[in-house]
Each structure stands twice: as structure tokens, then as C-alpha cells.
*Asks:* 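Quick one: the structure is below, and I'll ask about it shortly.
Any value given below was found using the heavy atoms of this structure, including those in side chains, with hydrogens, waters and symmetry copies removed. For reference, positions follow the sequence shown, starting with 1.
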Amino acid sequence: ACVTALSFTRNAARELEDRARELAPEAVAGVMFGTSHSFALAVIRSRPRVLGLPGRVTVYDEQDREDVIGDVLSTLKLNSTISRVIEYVEAKRRRLGGQWTLPAAKAGDEYERRLLLAGAVDFDRILLGAIEILERDQEARETWRRRARYLIVDEFQDAAPEEVRLYGLLEPAELVLVGDPNQNIY
């Protein structure tokens with residue numbers, strides 16, 4: 001199928017799917033329902049090697065990320081905070097400038113290295129990783145463009161800039177954006 005319907009949260013995506021099944025059960029066969037992050041993770045899992053990851057990709061949650069960074073700081077005996085390292089990593093991933101202490105930068109770079117070695121991405125890296133794959137791998141881009149030829153984005157008012165960039169790379173033939181500007185969280 002070539003219809004993809006995305007929403008902001010898993011619950012909202014399930015509700016969207018349930019409503020679609022209720023209204024037109026035969027029309028939902030093959031429709032991909034999910035969140036922008038679940039869609040992006042599917043892109044990553046389809047082509048992990050583009051990002052230097054092994055075939056099986058693990059997702060680190062917030063606690064995993066803090067545990068790994070804490071271990072990096074401890075092992076390398078670096079004087080920084082977990083939050084400062086996270087700020088560095090997120091800024092570096094987005095190619096944003098900033099002034100960083102050497103310990104935060106060293107810890108952040110080591111954290112990224114450990115993620116790769118573990119075959120893992122953290123939540124922050126999911127959208128960025130999918131974007132990188134679609135920008136660098138023409139075959140993947142064509143595959144996912146076919147998969148999302150018709151793209152429905154619910155709760156679009158809550159879309160982060162990376163999500164909007166991801167949707168743009170898909171170049172859907174038909175794009176339906178549903179949102180309420182009075183409920184915007186950004």
C-alpha cells in the first residue's frame with residue numbers, strides 16, 4: 001500500500017487507526033499507521049548500515065541515555081554533567097553552534113561512539129537518522145516515497161522541525177495535514 005497516516009502520539013495513532021477501521025474497514029488494509037518516530041524508526045531499520053549501524057537496531061530510552069553518559073563520564077573521569085553532554089550531542093547532531101567545554105564534547109563524542117558500537121539510536125536520533133538515510137540513499141528515498149505516496153499527518157500543529165523536514169523528503173503525491181493551531185505545543 002502507499003498510504004501512511006501519522007500522528008503525534010501512539011495513542012492518537014491507535015485512535016486514528018481505530019476510527020479508520022470503523023468507517024472503512026476494507027480501505028485500511030495495508031495502510032501504515034503510527035507516529036513520526038515509529039515511521040522514522042522503520043526507515044532506519046530498513047537501511048541501518050547507511051548510519052553505520054548493524055542489521056539489528058536498538059532504541060535507547062532516556063534512562064539508557066543517561067546511564068551510558070554517566071558511565072562515559074565516570075570511565076573517562078570527565079568533569080561535566082549529563083545534561084550538558086546531552087545539550088552538546090543534540091546541538092552537534094543538528095549542526096548548531098555553541099560553546100562547549102572539552103569534557104562535555106569528549107563525553108558526547110564517546111557517547112555517540114558507544115551508540116554505534118551497540119547498534120543503538122536514542123529517541124533524539126530517530127528522526128535525524130531517518131532524514132540522513134533519505135538524504136543519502138536514493139534507493140531508500142524512492143522506497144519510502146512510494147510507501148508514503150499518500151501521507152496523512154494528524155496533529156500537525158505539534159510537528160517538530162525535523163518531522164516537517166522528514167515529510168518534505170517523502171514528497172508525497174497527496175499530503176493531508178490536520179491540526180488545530182489553538183492546541184500548538186511549540
*Asks:* Could you measure the distance from the CG atom of L6 to the OH atom of Y167? Nearest 0.5 Å is fine.
*Replies:* 5.5 Å
*Asks:* Compare all side-chain heavy atoms of L51 with those of I44 and state whether any distance is below 4.5 angstrom.
*Replies:* yes
*Asks:* Nearest 0.5 Å please: distance from the CD1 atom of I86 over to the OG atom of S80.
*Replies:*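 Interatomic distance, I86 CD1 to S80 OG, rounded to 0.5 Å: 10.5 Å.
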*Asks:* Provide the full list of ring pair (Phe, Tyr, Trp, His ring centres under 6.0 Å) pairs with a residue in residues 89-114, sequence neighbours left out, each pair given once.
*Replies:* Y88-W100
*Asks:* For a quick test of reading the model, state the closest non-hydrogen atom pair linking A20 to V28 and the distance between them.
*Replies:* CB-CG1, 3.6 Å
*Asks:* Is R146 close to L170 at the side-chain level, that is, under 4.5 Å between some pair of heavy atoms?
*Replies:* no
*Asks:* So how far is it from E174 CD to C2 SG, rounded to the nearest 0.5 Å?
*Replies:*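 It comes to 10.5 Å.
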*Asks:* Which is it for E112 and D109 under the side-chain contact (heavy atoms from CB on, under 4.5 Å) test, yes or no, and what are the steps along the way?
*Replies:* CA-CA 5 Å; E112 293 282 60; D109 292 343; 5.5 Å; no
*Asks:* Partners of E22 by side chain to side chain donor-acceptor pair (under 3.5 Å), sequence neighbours excluded?
*Replies:* none
*Asks:* Decide whether V68 and V57 are clustered together by the hydrophobic rule: side chain heavy atoms of Ile, Leu, Val, Met, Phe, Trp, Tyr closer than 4.5 Å, transitively.
*Replies:* no
*Asks:* Could you please spell out the steps behind the side-chain contact (heavy atoms from CB on, under 4.5 Å) verdict for V178 and F156?
*Replies:* CA-CA 6 Å; V178 180; F156 183 72; over 6 Å; no
*Asks:* Does a side chain donor of either N11 or E15 reach within less than 3.5 Å of an acceptor in the other side chain?
*Replies:*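 Looking only at side-chain atoms, E15 and N11 do not form any donor-acceptor pair under 3.5 Å.
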*Asks:* Can you give me the closest heavy-atom contact between A140 and I133, atom names plus distance?
*Replies:*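 For A140 and I133, the tightest heavy-atom pair comes out as CB-CG2, 3.8 Å.
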*Asks:* When hydrophobic residues are tied together by side-chain contacts of less than 4.5 Å, even through go-betweens, does V59 share a cluster with I69?
*Replies:*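 No; I69 is not reachable from V59 via cluster members.
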*Asks:* Could you pull out every donor-acceptor pair under 3.5 Å between side chains of residues 114-121 and any protein atom, sequence neighbours left out?
*Replies:*
unit_1: R114; atom_1: NE; unit_2: E110; atom_2: OE2; d: 3.0
unit_1: R114; atom_1: NH1; unit_2: D71; atom_2: OD2; d: 2.5

*Asks:* So does R93 pair up with E132, basic N to acidic O under 4.0 Å?
*Replies:*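 Between E132 and R93 there is no salt bridge, as every charged N stays at least 4.0 Å from the carboxylate O atoms.
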*Asks:* Please step through side-chain contact (heavy atoms from CB on, under 4.5 Å) for the pair S46 and T143, ending with a clear verdict.
*Replies:* CA-CA 10 Å; S46 75; T143 297; over 6 Å; no
*Asks:* Give, for atom CG of L151 and atom CE of M32, the distance between the pair rounded to the nearest 0.5 Å.
*Replies:* 10.5 Å
*Asks:* Which residue pairs pass the ring pair (Phe, Tyr, Trp, His ring centres under 6.0 Å) test when at least one of the two sits in residues 122-149, sequence neighbours left out?
*Replies:*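 Sorted result for residues 122-149: H37-F123, F39-W144.
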*Asks:* Could you list the residues that satisfy side chain to side chain donor-acceptor pair (under 3.5 Å) with E171, not counting sequence neighbours?
*Replies:*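 If we apply the side chain to side chain donor-acceptor pair (under 3.5 Å) test to E171, skipping adjacent residues, the hits are R145.
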*Asks:* Give the C-alpha distance, both sets of side-chain angles, the deciding distance and a yes or no for salt bridge (charged side-chain N to carboxylate O under 4.0 Å, His left out) between R165 and E135.
*Replies:* CA-CA 11 Å; R165 189 167 159 207; E135 286 178 341; 2.7 Å; yes
*Asks:* Could R84 and E87 be called an ion pair, given the rule that one side-chain N must be under 4.0 Å from one carboxylate O?
*Replies:*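 Salt bridge between R84 and E87, a charged N being under 4.0 Å from a carboxylate O: yes.
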*Asks:* For T101, check side chain to side chain donor-acceptor pair (under 3.5 Å) against everything at least two apart and list the hits.
*Replies:* none
*Asks:* If you measure from the Lys or Arg side-chain nitrogens to the Asp or Glu carboxylate oxygens, is any gap between R19 and D154 under 4.0 Å?
*Replies:* no
*Asks:* If only atom types and distance count, is the side chain of R141 paired as donor or acceptor with the main-chain N or O of L169 below 3.5 Å?
*Replies:* no
*Asks:* Please enumerate all residues that pass ring pair (Phe, Tyr, Trp, His ring centres under 6.0 Å) together with Y150, with sequence neighbours excluded.
*Replies:*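 Ring pair (Phe, Tyr, Trp, His ring centres under 6.0 Å) list for Y150, sorted by chain: empty.
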*Asks:* If I compare all heavy atoms of A107 with all of V85, which pair ends up nearest, and what's the gap?
*Replies:*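 Minimum heavy-atom separation between A107 and V85: CB-CG2, 3.7 Å.
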*Asks:* Report yes or no: do V89 and I126 belong to one cluster of Ile/Leu/Val/Met/Phe/Trp/Tyr joined by side chain heavy-atom distances under 4.5 Å?
*Replies:*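 Cluster IDs for V89 and I126 differ.
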*Asks:* Taking all atoms of both residues into account, what is the closest heavy-atom pair of L166 and A40, and its distance?
*Replies:* CD2-CB, 4.2 Å
*Asks:* Specify the closest pair of heavy atoms between L16 and A5, including all atoms of both residues, with the distance to one decimal.
*Replies:*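 That would be CD2-CB, 3.8 Å.
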*Asks:* Can you list the residues that meet the salt bridge (charged side-chain N to carboxylate O under 4.0 Å, His left out) rule with R47, with sequence neighbours excluded?
*Replies:* D137, E139
*Asks:* Considering non-hydrogen atoms only, spot the tightest contact between A148 and P172 and give its length.
*Replies:* O-CB, 3.4 Å
*Asks:* Please collect all ring pair (Phe, Tyr, Trp, His ring centres under 6.0 Å) contacts where either partner lies in residues 50-83, sequence neighbours excluded, each pair once.
*Replies:* none
*Asks:* Going by salt bridge (charged side-chain N to carboxylate O under 4.0 Å, His left out), name the pairs with one or both residues in residues 53-63, residues two or more places apart or in two chains.
*Replies:*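 Passing the test, one end in residues 53-63: E62-R65.
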*Asks:* What do you reckon, is CZ of R149 surrounded by more than 12 foreign heavy atoms closer than 6.0 Å?
*Replies:* no
*Asks:* What residues form a side chain to side chain donor-acceptor pair (under 3.5 Å) with S38, not counting sequence neighbours?
*Replies:* T35
*Asks:* Of all residues at least two apart in sequence or in a different chain, which pass the side-chain contact (heavy atoms from CB on, under 4.5 Å) check with N79?
*Replies:* none
*Asks:* Drop me the distance from L73's CG to T81's OG1, to the nearest 0.5 angstrom.
*Replies:* 8.0 Å
*Asks:* In terms of hydrophobic clustering (I, L, V, M, F, W, Y; side-chain heavy atoms under 4.5 Å; direct or indirect links), are F8 and L128 co-clustered?
*Replies:* no
*Asks:* Indicate yes or no: at least one non-hydrogen side-chain atom of V31 is less than 4.5 angstrom from one of T4.
*Replies:* no
*Asks:* Could you tell me the separation between the CD atom of E155 and the CG atom of L177, rounded to the nearest 0.5 Å?
*Replies:* 13.0 Å
